[in-house]
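What follows is a single structure, written as structure tokens, with notes after it.
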Amino acid sequence: KHLQHLKTFILRFHTYSVPRLIIDGNALYYSLYYTSDPKLDQRCGGDYPGFKHEVCKFFKTLQDCEVNPYVILDGGSGPEKHEHNVSPLKYKLKKAKTIAETEPDGTLPEAYNVLPPLVKDVFIEILREKGIEFKVCLGEADPEVVSEANQKQCAVLSIDKDFYIFDVHKGFLNLDNFEWKKEEDGKIPARIYTRSKFCEHFKLDPALMPVFASIAGNDYSRLEDNGAFAKESSSPGEYSIKRLDGMLGFLSKVNLDGLNNSQKREHALSEALNHVGKKENQTFKLAIKKYVKPEKTSSKLPPWVCEKVERGELTTFVTSVVDWKTMMLTPLVEDFSQHSSYTAAYRIRQYFYGLLTGGEITEYGRDGEEIKDYRVPSILPSSDEQKQLKLQCLNEVLRLIIKYTSENIPDQLKLPVCVTVFWFKKLQHHPKPETVNCLHALLLWFVCEPDGPEKLLLVSGPLAPKCCLIFSVEDEFERKMKALKDEVVRNWQPRVAHAFSQWQCCMRQSLHLNQLLCSPLPEPQYIDGFLSSSLLLSLGKDDNILETKINAQIKHNPTSKLNTGKLSVCSRNLKKAGTWIPVRCLMNS
């Protein structure tokens with residue numbers, strides 16, 4: 001709120017000789033997802049097509065303003081932030097449960113948002129597709145963001161409050177005040193913050209900004225002053241503002257004559273601690289160091305693996321597993337009366353850990369309504385598998401007959417279909433109607449989206465022959481399916497949402513395992529194209545499913561020894577779509 005004292009103006013990017021902007025990637029995708037209008041789905045597993053549309057609009061606006069963006073994304077966080085990572089998990093769990101239990105037309109508390117699980121993967125995919133320059137860090141992005149911004153002499157766009165403290169020469173643009181949707185004539189209304197202006201206003205030596213951050217409270221430290229600083233403030237604001245104002249006033253009066261910057265910080269910290277009767281400790285000094293000399297994160301991973309992470313070709317979870325032996329399972333909006341959706345992908349994660357470390361990993365995730373830590377044993381591939389990892393290992397993990405996926409399924413659908421078979425077989429031990437309904441919904445969505453009138457799909461299961469279906473979907477059917485999206489908002493069913501959440505967990509972990517194995521199955525090029533969760537949940541509801549007879553013709557295929565003939569099969573269709581799907585069926589003789 002101190003920013004109300006700072007100057008507001010129109011930032012004219014086109015006047016820059018080299019118009020560059022360094023963007024905090026994580027802050028951007030969080031902001032775009034949470035602030036979109038209309039609001040993107042968070043209850044049903046995510047609206048990835050809507051998210052892609054928002055991201056593309058943002059970068060198109062920058063392009064129209066002749067701004068050249070460079071996006072830098074976070075990797076894993078180190079052990080120094082471990083305690084601070086567990087606390088946010090508990091808060092996210094509370095938010096997820098509140099969203100799950102609030103009626104669709106109910107009001108949620110401010111800032112109660114939960115990010116769907118595949119948003120970061122989709123975001124990186126969009127950056128690559130659109131040719132946006134980006135880099136994924138091995139650890140926190142802040143040090144590299146500051147370094148790149150000062151090296152290239154350009155501003156930083158983020159919502160991270162740490163950038164109020166860092167010495168970013170050309171200033172910090174807060175996403176909350178970066179009104180890109182109001183762009184006009186190549187200009188974007190924005191508020192820019194500079195540390196020098198802040199210090200000038202509060203008569204503070206710039207060298208003491210890291211001290212202010214360390215005692216005010218950040219990810220590493222906070223000075224408990226029992227209201228001492230707030231009492232010394234003349235600010236009319238609420239307690240939290242009075243406390244910060246009091247700290248700034250106190251630091252501005254510390255005598256710093258004859259001291260260099262390092263000595264100024266040490267002396268000012270000592271004075272602040274003595275003022276409230278606290279002893280000096282390393283916590284505050286380490287927090288100050290983070291701002292004075294931000295260090296880039298290194299890793300135990302081989303250089304070629306680090307390069308794949310930085311290019312976005314390999315998930316950053318590998319650094320958390322290898323360097324810190326931990327995995328944070330971010331809470332999801334799901335049915336809290338059931339086990340966590342992450343349990344569906346437990347076996348896939350065990351193989352993931354086995355390939356990376358061969359030892360135990362500590363997972364932090366939901367157990368009931370609490371966040372608990374678990375020791376998860378990894379599964380080591382056999383010696384034969386180690387010689388020929390890639391496809392064979394993925395085959396072992398997902399327990400599939402991979403040859404069918406190679407021969408009969410389009411590249412874009414190979415991994416999603418394999419994941420779907422794994423997910424469905426995994427849950428057959430405890431069969432539930434919503435799982436079957438979600439399976440049918442997924443299959444219908446695969447064949448209806450995105451490109452072309454026909455899709456090739458493998459159907460596998462103990463109650464059905466292995467066959468390859470080509471669905472020729474009529475435009476009218478497709479339009480009516482899309483019209484179902486809004487219905488799920490009015491009648492959200494936790495059991496159906498939970499089943500799809502389990503599928504997404506399997507999808508994400510399989511995507512990362514596939515990356516680790518150097519993509520034996522083609523990575524889906526448009527994850528956002530076939531994932532529209534609100535529609536899938538609507539398709540998965542009981543009253544939207546109808547058994548219909550579909551005439552199918554067995555078509556001869558010499559390469560797979562298929563016989564011709566006629567077959568009448570039972571399938572599922574949408575009652576509300578009210579149309580037939582012509583099907584050609586290929587089945588092994």
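Note that this is a predicted model, so its numbers are computed, not measured. Along the sequence shown, residues are numbered consecutively beginning with 1.
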Result block: side-chain N/O donor-acceptor pairs under 3.5 angstrom for residues 304-317, not counting sequence neighbours:
from, atom 1, to, atom 2, distance (Å)
Arg311, NE, Glu313, OE1, 3.4
Arg311, NE, Glu313, OE2, 3.0
Arg311, NH2, Glu313, OE1, 3.1
Thr315, OG1, Phe317, N, 3.1

**Considering all heavy atoms, the nearest Gly45-Gln504 contact** = O-NE2, 2.7 Å
**Request:** Mind listing the closest non-hydrogen atom pair of Ser36 and Leu40 along with its distance?
**Result:** OG-CG, 3.0 Å
**Fill in**
With sequence neighbours left out, the residues meeting ring-ring contact (aromatic ring centres under 6.0 Å, His included) with Tyr34 are Tyr30
**Request:** Begin from the C-alpha positions of Arg495 and Glu334 and carry the test salt bridge (charged side-chain N to carboxylate O under 4.0 Å, His left out) through to its verdict.
**Result:** CA-CA 8 Å; Arg495 294 179 297 104; Glu334 55 186 349; over 6 Å; no
**Item:** Residue pair Asp121, His512: steps toward the side chain to side chain donor-acceptor pair (under 3.5 Å) verdict
**Value:** CA-CA 10 Å; Asp121 298 281; His512 296 164; 3.0 Å; yes
**Single hit among Leu28, Asn113, Asp47 for side chain to side chain contact (heavy atoms under 4.5 Å, CB included) with Tyr33** = Asp47
**Request:** Measure the CG-CE distance between Asp373 and Met328 for me, rounded to the nearest 0.5 Å.
**Result:** 9.5 Å
**All side-chain hydrogen bond (donor to acceptor under 3.5 Å, both in side chains) counterparts of Lys92, not counting sequence neighbours** = none
**Complete:** Contacts of Tyr342 meeting ring-ring contact (aromatic ring centres under 6.0 Å, His included) (sequence neighbours excluded), chain-then-number -> none
**Message:** Quick one, Cys438 and Trp423 - any side-chain contact, counting heavy atoms below 4.5 Å?
**Reply:** yes
**Request:** I would like to know whether Glu125 and Arg128 meet salt bridge (charged side-chain N to carboxylate O under 4.0 Å, His left out); could you show each step before the answer?
**Result:** CA-CA 5 Å; Glu125 181 183 285; Arg128 188 178 292 116; over 6 Å; no
**Message:** Working note: Glu144 + Lys135, criterion salt bridge (charged side-chain N to carboxylate O under 4.0 Å, His left out); need CA distance, chi angles, decisive distance, verdict.
**Reply:** CA-CA 10 Å; Glu144 300 205 35; Lys135 177 182 179 180; 2.6 Å; yes
**Asked** About how many Å separate CZ of Phe134 and OH of Tyr70, when rounded to the nearest 0.5 Å?
**Response** 9.5 Å
**Prompt:** Counting only N and O atoms by type, is there a donor-acceptor contact under 3.5 Å from the side chain of Asp74 to the main-chain atoms of Glu140?
**Reply:** no
**Item:** Tyr48 side chain to Leu118 backbone, donor-acceptor under 3.5 Å
**Value:** yes
**Asked** Side chain of Arg43, backbone of Val333: donor and acceptor closer than 3.5 Å?
**Response** no
**Asked** If you measure from OG on Ser519 to CG on Leu511, what distance do you get to the nearest 0.5 Å?
**Response** 8.0 Å
**Request:** Look at the side chain of Gln350 and the backbone N and O of Ser378, then say whether any donor-acceptor pair between them is shorter than 3.5 Å.
**Result:** no
**Message:** Return the CG to CD1 distance between Asn26 and Ile72, rounded to the nearest 0.5 Å.
**Reply:** 11.0 Å
**Request:** Mind checking side-chain hydrogen bond (donor to acceptor under 3.5 Å, both in side chains) for Ser299 and listing every partner two or more places apart, or none if nothing turns up?
**Result:** Asp323
**Prompt:** Taking atom types as modelled and ignoring hydrogens, do the side chains of Asp335 and Ser337 form a donor-acceptor contact shorter than 3.5 angstrom?
**Reply:** yes
**Message:** Check whether Ser31 reaches the backbone of Ala27 with its side chain - one donor and one acceptor, N or O, closer than 3.5 Å.
**Reply:** no
**Prompt:** Can you find a pair of side-chain heavy atoms, one from Phe51 and one from Phe123, that are under 4.5 Å apart?
**Reply:** yes
**Request:** Could you grab the distance from atom NZ of Lys300 to atom OG1 of Thr357, nearest 0.5 Å is fine?
**Result:** 10.5 Å
**Complete:** Contacts of Glu363 meeting side-chain hydrogen bond (donor to acceptor under 3.5 Å, both in side chains) (sequence neighbours excluded), chain-then-number -> Arg349, Tyr353
**Prompt:** In Å, rounded to the nearest 0.5 Å, how long is the span from CZ of Arg366 to OG1 of Thr343?
**Reply:** 8.5 Å
